[in-house]
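Quick notes on the structure that follows.
Note on naming: letters A, B, ... go to the chains in the order of the sequence lines (proteins, then strands), and numbering restarts at 1 for each one.
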There are 2 protein chains.
Amino acid sequence: MKRVSIKDIAQAVGVSTALVSYVLNNKEKEARVGQKIAEVIRLKAKELGYQPNQIAKSLKTGRSQTIGLIVADISNPFFANIARTIEDEAKKYNYTVIFGSSDEAADKSQNLINILLERQVDGFIIAPTEGSEEQIRSLQEQHIPFVLIDRYFPEISTNFVVTNNYQASYHAVKHLARSGRRKIAMIAYKSGLVHMKEREKGYLDALADSGMESGQGLVKEISYNFIQQEVGEVMGQLMKDHPDIDAFFFGSNALSMGGLRFLNRNNYRIPDDVSVVCFDESEAFDLFYAPLTFVNQPLLEMGKEAIRILAGQISDRAAALEQVFVDSALIVRTDK
Amino acid sequence: MKRVSIKDIAQAVGVSTALVSYVLNNKEKEARVGQKIAEVIRLKAKELGYQPNQIAKSLKTGRSQTIGLIVADISNPFFANIARTIEDEAKKYNYTVIFGSSDEAADKSQNLINILLERQVDGFIIAPTEGSEEQIRSLQEQHIPFVLIDRYFPEISTNFVVTNNYQASYHAVKHLARSGRRKIAMIAYKSGLVHMKEREKGYLDALADSGMESGQGLVKEISYNFIQQEVGEVMGQLMKDHPDIDAFFFGSNALSMGGLRFLNRNNYRIPDDVSVVCFDESEAFDLFYAPLTFVNQPLLEMGKEAIRILAGQISDRAAALEQVFVDSALIVRTDK
DNA sequence: CTGAAAGCGCTTACAG
DNA sequence: CTGAAAGCGCTTACAG
């Protein structure tokens, strides 16, 4: 059962495909198509249940109206939420989104980029993995529009939308210090990526500015692929070496989950034994026995900005780079 | 900067585009292309950094190697996890996935289907919304491959992969009864969709089989769009009307979250005041003060099956329908 | 106001 | 073993 094409309509009405194309794309004025014939064409199109073939359109116009979204893992709530805002925003610009999960692995990222490029996406939104600098540079050389999200490479001039990680982290730790905590540990990812480094830096500076001894030995880095296993070991060791730790700052939502689980299992009470601040929200917090303070990234705003910038780059390759730092809020929760 | 095409390679090597096409698609044997020339072509392709244009390929072959995934909401952990398994499985079959969220609204679903159809997806995986029967029938009439997931329409013969909702629900409630609960309420969605209806039926039958009075008055239905508001009101009213309720069965992950939040806020202790069983897992359970028993759907298996069936339908439109019921496990958690 | 025609980048019989 | 050619479904100058 062949789908109906522009040609079918043209034949049915008795005009050329050119007219049909103009009318169906609302270019009647530019093409000065007759009023009545336009009406007839439109009617026939509806009657036959015509659906434009976007693939054919793309081939001709060089625009697929599709964008590629590469995140670390679509099943991670942080990225799932980002994906949703991007989906909604993209729709407003008439874009459809193809997504892929890189699992923080450069080779998977490269593979995804290739596949999406073959699919002729008009642009990318990418949460770049460690070691993907060359991939990003290559995109740049090919003049393919993209905007990085969540992280970026300081040494490469690109569009990006990220939260102000340093500041968010600094405030979070300052908050702990102000509420009287004197030995604050941080659990982070083992990653050279700027977002994590900035979070660590914010933590360290906040310690220093609060007159605490350098936290160097109190920042622990976990492998992305073994969070659940490593978090327990690492925190266990930390508490053994430093029984006087009185607060934890968790560098991401997955780290928070793992860390809180450890604290629960080992019967550390929050906030009596240790205080906790988490980077990113989790719906799990709502059910936790203690109110949890966390850094709240404005996902909706990030998604909006990313699409806005990308759409701008697509329609004008010469558009100026945009580097957006959005501010995260520290949501302080306490009812004691 | 034009991307390099098959024509560029042909010219550079001095052969026809036909040869290049055959070689690059590994059809040298069928086309009996010369060994050496094949090698030269391959080399030149690599040298020029050739990337096939999948759009052009699609137009010619009528296959986009793309599948459309329609879920209720990609930011819902249940669907985000499904999406991930589908992404991974699809890749194995060389498919790429475009997704969209319907928000359980039939008009959005229709809109998504249209957009994806225009994009020439080879098939769909759909968690159908209430009232989308006609959309599904229409897909069927157009002989477009698809498989429903999570829910289906009993009155329409289609492929689907769903969990055995009735059974899962029945066991869950039986479990509560066996552990001595005598007045079990259920919080469900207001929905005519079979998955929710079956869950309610399983609940009712389990009550009856356990010698409890009909639970009719103890099933409450919440509007999808107002969970957080309604759940509190509804449960508050329930507890007022039936102070002797000693257990709740929550019909979905979002309902569980809302319900548990209500219990927390109102200081009902689990399991001392009320017992709870949830449909679907949530990472929030790990951090909850009490061990939570839940129905665990095998998402990975569901994703695998869905793609397997869809791929089968795509390559053979005449393939027999497949209706898969996977079994969910009741994960009993208790350390008291 | 309208039509004939080229062409987007491929694949694939067909002919030799 | 290889090339010329048609055609997938569109858009868009160009000519009239």
Taking [atom1] from [X] and [atom2] from [N], how many angstroms apart are they, rounded to a whole number?
| X | N | atom1 | atom2 | value |
| --- | --- | --- | --- | --- |
| B/Tyr50 | C/dG9 | OH | P | 10 Å |
| B/Lys7 | C/dC10 | NZ | P | 11 Å |
| B/Leu59 | C/dG7 | CG | C1' | 12 Å |
| A/Tyr22 | C/dT2 | OH | P | 12 Å |
| A/Ile55 | D/dT11 | CD1 | C1' | 16 Å |
| B/Arg119 | D/dG9 | CZ | C1' | 16 Å |
| B/Ile9 | C/dG9 | CD1 | P | 13 Å |
| A/Ile41 | C/dC1 | CD1 | C1' | 12 Å |

Would you classify [X] as touching base, sugar-phosphate or nothing, given that sugar-phosphate means primed atoms plus P, OP1 and OP2, and contacts are heavy atoms under 4.0 Å?
| X | result |
| --- | --- |
| B/Lys27 | sugar-phosphate |
| B/Ile37 | sugar-phosphate |
| A/Ser5 | sugar-phosphate |

Practice item. Might you work through the salt bridge (charged side-chain N to carboxylate O under 4.0 Å, His left out) test for A/Asp88 and A/Lys92, ending with a clear yes or no? Key: CA-CA 7 Å; A/Asp88 291 345; A/Lys92 295 182 190 163; over 6 Å; no

Practice item. Just say parallel, tilted or perpendicular for the rings of A/Phe160 and A/Tyr152, cut-offs at 30° and 60°. Key: parallel

Check your understanding: Distance only, no hydrogens: is a donor on one side chain within 3.5 Å (strictly under) of an acceptor on the other, for B/Ser101 and B/Asp103?
Key -> no

Review point. Where the side chain of B/Lys60 is defined as all heavy atoms beyond and including C-beta, which of D/dA5, D/dG9, C/dC10 is the nearest nucleotide?
Key: C/dC10

Would you give me the side-chain donor-acceptor pairs under 3.5 Å for residues 112-126 of chain A, sequence neighbours excluded?
residue, atom, partner, partner atom, Å
A/Asn114, OD1, B/Gln51, NE2, 3.3
A/Arg119, NH2, B/Gln65, O, 2.5
A/Asp122, OD1, A/Ser64, N, 2.9
A/Asp122, OD1, A/Ser64, OG, 3.4
A/Asp122, OD2, A/Ser64, N, 3.3
A/Asp122, OD2, A/Gln65, N, 2.6

**Study point:** Dot-bracket summary - DNA chain C, pairs being Watson-Crick or G-U whose distances fall under 3.5 Å, with | when paired to another strand
**Key:** |||.||||||||.|||

